[in-house]
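For reference, the structure discussed in these notes is given below.
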Amino acid sequence: DIQIPIDKRLTLAANVYQDESILLVRNGFFATFGYRVRFTEEQSLGFGLSPGIVSNRLNLDNISDVDLGDPVLANARNNVNFAGQFGAHY
């Protein structure tokens, strides 16, 4: 993660990650735009928008008794998808 405050209202950020479980390897990248609107000294509304890309793939190398003829595994494909997140706080 990296966050770069541009001014008191605007922040830019980036998040890169890799997550591995037994069979699934997931990589992703998100770029974040955050903005804050002040109503008073103690009240503000903040929101963020994060477009990104996520890659999922099966890692069958760690499994010793894999039946590659299994129709579930044969139909499982590695994929890359666009993703997005949105958040707000008051």
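We number each residue from 1, following the sequence as shown.
- Note that CD of Gln3 and CG of Leu12 are 10.5 Å apart. Values are rounded to the nearest 0.5 Å.
- Of the inter-residue distances, the one linking Asp19 atom CG with Tyr17 atom OH reads 8.0 Å to the nearest 0.5 angstrom.
- Here the CG atom belonging to Leu23 is positioned 6.5 Å from the CG atom belonging to Leu58, to the nearest 0.5 angstrom.
- Linking ILVMFWY side-chain heavy atoms closer than 4.5 Å, directly or via other members, places Ile2 and Leu10 in a single hydrophobic cluster.
- One hydrophobic cluster, built from ILVMFWY side chains closer than 4.5 Å, cannot hold both Ile53 and Leu49; they sit in different ones.
- Shortest non-hydrogen contact noted between Pro5 and Thr11 is CA-OG1, 4.1 Å.
- Considering OG of Ser44 and NZ of Lys8, their distance stands at 13.0 Å, rounded to 0.5 Å.
- Test Val25, Asn78, Asn81 against Asn56 for side chain to side chain contact (heavy atoms under 4.5 Å, CB included) and you get one pass: Asn81.
- In this structure, Leu45 CG and Tyr90 OH are separated by 8.5 Å, a value rounded to the nearest 0.5 Å.
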Please output the side-chain donor-acceptor pairs of residues 29-40 that fall under 3.5 Å, not counting sequence neighbours, one pair per line with the distance.
unit_1	atom_1	unit_2	atom_2	d
Thr32	OG1	Ser50	OG	2.7
Tyr35	OH	Arg9	NH1	3.3
Arg38	NH1	Glu41	O	3.3
Thr40	OG1	Glu42	N	3.3
Thr40	OG1	Gln43	N	3.1

